[in-house]
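One structure below.
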Amino acid sequence: MNITTLTIVILIYLAIMTGLMALGYKKTKTDADYMVAGRSMHPWVMALSYGAAFISTSAIIGFGGAAGLFGFSLLWLTVLTIFVGIFIAFAVFGVRIRRMSCNLNCDTFPSMLGNRFQSKGLTAYAGLLIFLLMPAYTSAILIGGARFLQDALAMPFNISLLILAVLVGIYVVSGGLRGVMYTDAFFAVVMLIGMAALLLSTYNAVGGIIPGHTGLSALASMVPEALTEQGHRGWTAMPAVGSSIWWTVISTMVLGVGIGVLAQPQLTMRFMTVKQPKSIYQAILVGGIFIFFMTGTAFIVGPLSNLYFVQNQGQIALQVAEGNMDRIIPIFVSQIMPNWFLYFFMLSLLSAAVSTLASLLHVQGAAFARDLVDTLGAGKLVPQFGTRHWAKAGVLVSLLAAVVLAYVLPAGVIARATAFWFGICAAAFLPTLTAALYWPAATKAGALASTISGSLISGLGYVFLKEQEAVAIGIVSRLFDRATLLPFPWTHIDPLIYALPISAVVLVVVSLVTQKPAAQHLKDTFDKVA
């Protein structure tokens, strides 16, 4: 390792990042600047920021490692993230979110839902979910970035984690959403170059596209017996339909993340930042190309790493990573890439981690300040504190919670923690958000009942039914002396599959039997939205 070269590269990177953060700080003069970047962002900056906030070390390290275990079946997630996470999110949801948020004069995701349904309780409950549960997802991103630094630079995990946490904390607190989005756009370019180079290098390492895929297909006999019994049929084949692995891949990873992206608070806020609603249409192509290269590369490289490791070490990827799939991509990259690229890819992964962490911490800080403190009137207890001060305090508390969780969560948790948060968001928020934008007859009681029921049913599913989470939490084993309450396939079905439909039905039924919103409020809310 050339310490001099590495030092120079990192200093240049930090200088650019600091300059963009300073620019964001200089232009942050109001609460609106801090919360929604003054609603003045260029559509390409918004698209790149959206993509950088969406694609993190969770996608590259966590889901790339999961692809190393499960195979090309995860490419269906790439299809879904482009169609749902970009096209549907931008064209169907994004434009209306931008217009309605202006009509309602709101600058956070929970406040938009609360103002739309005239419910402070909905605002506070949504803010509380974000502030309490999002640290689990945030910790997964921290772990992903720290794991790469650990394997690529031979740096202790604890030190890597703390360096990453401190770096992100400083720049989020200082620059607000403007600083976050400026640096996100820079990070996105770095990530795109890094992932494109990794894809080309991977195919070169395994002999090319056709030899690589053919060789990987021939390794089906090397799938461990335990995985074969669970439905694994090789890295180039779909798992056996109805098997435990099939349920994990399809319900948790593909549907959980692919649908959950529509209700991600940190992504929804990006739509509130552009100058004009029509700008969102201009961002679709940029966002789609970015997501294609980022997720597609991770889900191709992960499976092909098995072929490389077998050819060079006689072991499949999971064996080389000593059973921790979160280490598959870091180890693979450190072995196939020259040092100079390793430095660059380190910056790509650092960019992925920092961009998503910044977005998550910003939305948690905003939820704490705007949706909890302001909504509940707690700010009156400390009148000298403004919204931005409370937001910064919320950022620091959320960061501390994420660091603590990163130390206590088990190995191989990145993809699972990501799917957990995306699934919770889909069940709790997606029906309410959809109704807020498209169904004027939806009521305050219906929205609140839907959000609460979706989050509770999803949470109970993780605690009592889904095996990995239920075993880790341990409540069922203590109360009933068994791993889960119900047998297979409930042990591997993601709670999203049943919580989301129930949440939607609750919204419709309760709205049909409760008092309708005031006509004038609906007129003001949907002005120029449709």
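The aromatic rings of F87 and F83 sit parallel to each other, their planes meeting at less than 30°, with 60° as the upper class boundary.
For R116, the salt bridge (charged side-chain N to carboxylate O under 4.0 Å, His left out) test picks out no residue, with sequence neighbours left out.
Counting only heavy atoms from C-beta outward, the side chains of F131 and S398 approach each other to under 4.5 Å. The side-chain heavy atoms of V190 and F187, taken from C-beta on, include no pair separated by under 4.5 Å. Counting only heavy atoms from C-beta outward, the side chains of Q118 and L104 never approach each other to under 4.5 Å. Counting only heavy atoms from C-beta outward, the side chains of L512 and V508 approach each other to under 4.5 Å. T443 is not listed as a side-chain neighbour of Q515, based on a closest heavy-atom distance of 4.5 Å or more. Residues K392 and F368 fail the side-chain proximity criterion, which asks for heavy atoms closer than 4.5 Å. Side chains of L74 and T295 form no contact here, defined as non-hydrogen atoms less than 4.5 Å apart. Side chains of L122 and K444 form no contact here, defined as non-hydrogen atoms less than 4.5 Å apart.
When all heavy atoms are compared, the tightest approach of T514 to A445 is CG2-CB, 3.8 Å. Nearest heavy-atom pair across I284 and I86 is O-CG2, 3.6 Å. Annotation for A52 and F290: closest pair N-CE2, 3.7 Å, computed over non-hydrogen atoms. L75 and G296 make their closest contact through CD2-O, 4.1 Å (heavy atoms, listed as atom of the first residue, atom of the second, distance). Across all their heavy atoms, A185 and V45 have their closest contact at CB-CG1, 4.3 Å. W421 approaches P265 most closely through the heavy-atom pair CZ2-CD, 4.3 Å.
Side-chain atoms of N103 come within 3.5 Å of backbone atoms of D527 as a donor-acceptor pair (strictly under, hydrogens ignored). When atom types are taken as modelled, the side chain of K516 and the backbone of S511 share a donor-acceptor pair closer than 3.5 angstrom. Formation of a donor-acceptor pair under 3.5 Å by the T273 side chain with backbone atoms of S40 is not found in this model. Between the side chain of S458 and the backbone N or O of S455 there is no donor-acceptor pair closer than 3.5 Å. Side-chain N or O atoms of S139 include one that pairs as donor or acceptor with a backbone N or O of A136 at under 3.5 Å. Here the side chain of S101 pairs a donor or acceptor atom with the backbone of R98 at under 3.5 angstrom. Between the side chain of T356 and the backbone N or O of A53, at least one donor-acceptor pair lies under 3.5 Å. Although no hydrogens or angles enter the test, the distance criterion places a donor-acceptor pair under 3.5 Å between the side chain of R270 and the main chain of Q266. A donor-acceptor contact shorter than 3.5 Å links the side chain of S453 to the backbone of A449. A side-chain donor-acceptor contact under 3.5 Å links S251 to the backbone of D494.
Note: L372 CG to L128 CG = 6.0 Å, rounded to the nearest 0.5 Å. Separation of atoms CG (L161) and CD1 (I143) is listed at 7.5 Å; rounding is to 0.5 Å. Interatomic distance, OH of Y50 versus OG1 of T268, reported as 7.5 Å (0.5 Å rounding). In this structure, the separation between CE on M294 and CZ on F54 is 11.0 Å, given to the nearest 0.5 Å. The CZ atom of F526 sits 7.0 Å away from atom CG of L437, with the distance rounded to the nearest 0.5 Å. For the atom pair I280 CD1 and F271 CZ, the distance stands at 6.0 Å (nearest 0.5 Å).
Judged by distance alone, the side chains of T375 and T123 never bring a donor and an acceptor atom under 3.5 Å apart.
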Q: Quick one: do S503 and S450 satisfy side-chain hydrogen bond (donor to acceptor under 3.5 Å, both in side chains)? Show the steps, please.
A: CA-CA 5 Å; S503 176; S450 173; 2.7 Å; yes
Q: Could you walk me through whether V301 and L198 pass side chain to side chain contact (heavy atoms under 4.5 Å, CB included), step by step?
A: CA-CA 8 Å; V301 169; L198 175 61; 4.1 Å; yes
Q: Please lay out, stage by stage, how T418 and F63 fare under the test side chain to side chain contact (heavy atoms under 4.5 Å, CB included).
A: CA-CA 9 Å; T418 302; F63 279 81; 3.7 Å; yes
(Q) If you apply the rule side chain to side chain contact (heavy atoms under 4.5 Å, CB included), what do you find for Q264 with Y137, and how did you get there? (A) CA-CA 12 Å; Q264 287 296 295; Y137 177 33; 4.2 Å; yes
Q | side chain to side chain contact (heavy atoms under 4.5 Å, CB included) evaluation trace for F422 with I259 | A | CA-CA 8 Å; F422 274 63; I259 295 176; over 6 Å; no
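Heavy-atom contacts from other residues, nucleotides or ligands closer than 6.0 Å to CZ of F93 number more than 12. Remark: Y498 OH is packed, more than 12 non-hydrogen atoms of other residues, nucleotides or ligands lying under 6.0 Å away.
Applying the ring-ring contact (aromatic ring centres under 6.0 Å, His included) test to pairs two or more places apart or on separate chains, none has a residue in residues 434-459.
In summary, of the residues considered (I82, V261, V286), a side-chain contact (heavy atoms from CB on, under 4.5 Å) with I291 occurs for I82 alone. The only option from L133, L132, T138, V395 that meets the side-chain contact (heavy atoms from CB on, under 4.5 Å) definition with Q364 turns out to be T138.
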